[in-house]
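Written out below as structure tokens is the structure these notes cover.
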Amino acid sequence: MAAKTFPKQAKPTCSMFSMAASSAGPSNSNLVQHFINMGFHERLVTKAIIESGESNTDMILETILTYSVLEDSQQVDQNTCHGSSNQQQCVHDDELSSDYDDSLDDSEIDDFVCLPNGMSQSPNIVTICKFHFYAFAEIVKISGIDIYLVQENGNSLPDNENVLLSLASMGYAVEEVSEAMERCGPDASVVDLIEFITAAQMAKTEAVFFEEEKPKIFVNMELKRKQNQEALERNKKKGPLAEQDDVIRLPNPMIGFGVPSICSVVAYRTLPEAAIGPPFFYYENVALATKGDWETISRFLYEITPEFVDSKYFCAAARKRGYVHNLPINNRFPLLPLPPRTIHEAFPLTKKWWPEWDKRTKFNCLKTTYGSPKLTEMVRKAVEKCGDNPPDHVKKYVLEECRRWNLVWVGKNKVATLEPDEVEMILGFPRNHTRGGGLSRTDRFKSLGNSFQVDTVAYHLSVLKNIYPDGMNVLSLFSGIGGAEVALHKLRIPLKNVVSVELSEANRDIMKSWWQQTDQKGNLVHLADVQKLDPHKLDKLIKSVGGFDLIIGGSPCNNMAGSNRVNRDGLEGEQSSLFYDYFRILETVKIIMNRRN
DNA sequence: GTCAACATGATGGATGAA
DNA sequence: TTCATCCATCATGTTGAC
């Protein structure tokens, strides 16, 4: 039986996935569809509605979950799978190692960081699988734990019986192993056997999967594009913005549904039915995008109204961003301790040198590039010439440069650019998060400039803590330096399985290093290119981890950002068009997870 | 080839005066 | 309501030092 994505320790209520169901009316078919969209099997839904009646959706959900637990328990008994009754928490070792390798090209896999994961078939078995290969070599016993060492080149073979037992204990079916041994011959290595088995599994999956899934996903994309194009043309015909009824306007103040200091601006919202999870999703991009981009993003992401938030309400720097998500919005809480909210709180030593005519209390957006030494020299000379009270035109020039490049006063008449570690601190990352490992100063600024503000994102994600007390499976797209992961970690939400997709090797290294340094107990899988994440690979990943609880990411803003004077082509730009891959992957995951449940 | 420094501006929303 | 002005903006391409 396929895994459920809800941890049974914290059953979600209907309100967690908005009030869409109750607002959709009591129509039986709508109600059934609603729960099917949440990822439950139609048979269970129908049974639960008959038993609970149509009026109480929470009761229906309780009943469905009860049936799910019962069925899972039965399934577990049949499989003699020791451990949790929830298959999500009972992923076999082969699903966490060899299946990844089977499904993914070596070139795309950066590394498998394999850690004791507590999800092994047997509680005293740990698989260590490193560097995109899965050749089983030998078992060693360390502190009473059986460790399967996995190396790129298989070592000398045990005898056939041992091979059979070993592969079986790694989670392969005895029938599969026997068939592989028969087909590959007596001299076949373990590598050959595993390759044969996984190839056979893949062939079976492809035969079923591609015929059914691809057309549906393709049609959906095309339909969305067509609907969006029609809407854009309708707006064009309407003329001025004032006459267009579905234009998204930026709020002022930009506080979304609320920020820690101004809570509960919006107490609840109604999500469109198609947007209701699982999985939860969270998409981010620059608020000040080119015209019509947010309307398009919203149309693709189930007509959800973006939540626009300026991170100046969370830290000492502005960061105006739009977030489209299907998360609950009640009972959010901020990370503690609260980060410094003003420049002087963040950098107290600058107060001594700060001229009274520089009224800044917040930095502007922390970007990917910073002012040059020559610039700070020019500012110093300009101020020095005028003494303590420069004329207005000098003040204007200096303030323009200070605002533009986020300069701070570090001495008499002396300004400086922020250092990378200072930017790390403002954005909520651990000190030295991007330092070392071969990264230049320029690279650090670039990576940081493209990242989340951790406190802001953590505030939005904080609602997940009670829903997933035992941890989450996360699909992190355009991960960058791991802002989402750092936010979840700071919220103390365990990261069970993280599939992180990030093109930049430097960024992947930063996150890998953070993962190791923070002693994560879960599994991290790194992939490089979202465009190569096709339905087949997603299917295998979902099978391996038991489904994703959260799909999070902010696609490239290069072509949408105001700073870009060269290729500001909006969502259709070369990099920013990867938004459509975010949508494609989200849709694909939803479809696969619905089918598996 | 890599890295840092440097020069470069259009866009769109906010604001306020007419 | 219209218009001018102000302002901020997850950036890009070229150059030169090494």
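Lettering of chains follows the sequences in order, A, B, ..., and the numbering in each one begins at 1.
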Inset, instruction - Taking Watson-Crick and G-U wobble pairs with both distances under 3.5 Å, convert DNA chain C into its dot-bracket string, 5' to 3', dots for unpaired and | for cross-strand pairs. - result: |||||||||.||||||||

Legend entry - Those residues that, when tested against A:Lys385, pass side-chain hydrogen bond (donor to acceptor under 3.5 Å, both in side chains) (two or more places apart): none

Legend entry - Listed once per pair and sorted, the salt bridge (Lys or Arg N to Asp or Glu O under 4.0 Å) pairs that draw on residues 413-430 of chain A, sequence neighbours left out: A:Glu419-A:Arg441, A:Asp421-A:Arg431, A:Glu424-A:Arg444

Inset, instruction - State whether A:Asn364 places a side-chain N or O below 4.0 Å from either non-bridging phosphate oxygen (OP1 or OP2) of C:dT9. - result: yes

Inset, instruction - Determine which pairs satisfy ring-ring contact (aromatic ring centres under 6.0 Å, His included) with at least one residue from residues 376-401 of chain A, sequence neighbours left out, and list them in order. - result: none

Legend entry - Listed once per pair and sorted, the ring-ring contact (aromatic ring centres under 6.0 Å, His included) pairs that draw on residues 435-455 of chain A, sequence neighbours left out: A:Tyr370-A:Phe445

Legend entry - Partner set under side-chain hydrogen bond (donor to acceptor under 3.5 Å, both in side chains) for A:Ser311, not counting sequence neighbours: A:Thr456

Inset, instruction - With a 4.0 Å heavy-atom cut-off, tell me which residues in residues 309-324 of chain A come close to DNA chain B, sorted by residue number. - result: none

Inset, instruction - Mind running a 4.0 Å heavy-atom check of residues 370-385 of chain A against DNA chain B and sending the residues that fall below it, in number order? - result: A:Ser372, A:Pro373, A:Lys374

Inset, instruction - Scan residues 566-575 of chain A against DNA chain C and write down, sorted by residue number, each residue with any heavy atom closer than 4.0 Å; if none is found, say none. - result: A:Val566, A:Asn567

Please write out each protein N/O paired with an N/O of nucleotides 14-18 of chain C under 3.5 Å, distance rounded to 0.1 Å.
none

Legend entry - Toward the 5' end of DNA chain B, by each residue's nearest nucleotide, A:Arg404 or A:Thr290: A:Arg404

Inset, instruction - Using the test ring pair (Phe, Tyr, Trp, His ring centres under 6.0 Å), find all partners of A:Phe429 that sit at least two apart in sequence or belong to another chain. - result: A:His433

Inset, instruction - Kindly indicate whether the side chain of A:Glu284 and the base of C:dC10 share any N or O donor-acceptor pair separated by less than 3.5 Å? - result: yes

Contacts under 3.5 Å, N or O only, protein and nucleotides 1-4 of chain B:
from	atom 1	to	atom 2	distance (Å)
B:dA4	OP1	A:Arg441	N	3.2
B:dA4	OP2	A:Ser440	OG	2.8
B:dA4	OP2	A:Thr442	N	3.3
B:dA4	OP2	A:Thr442	OG1	2.4
B:dA4	O5'	A:Thr442	OG1	3.3

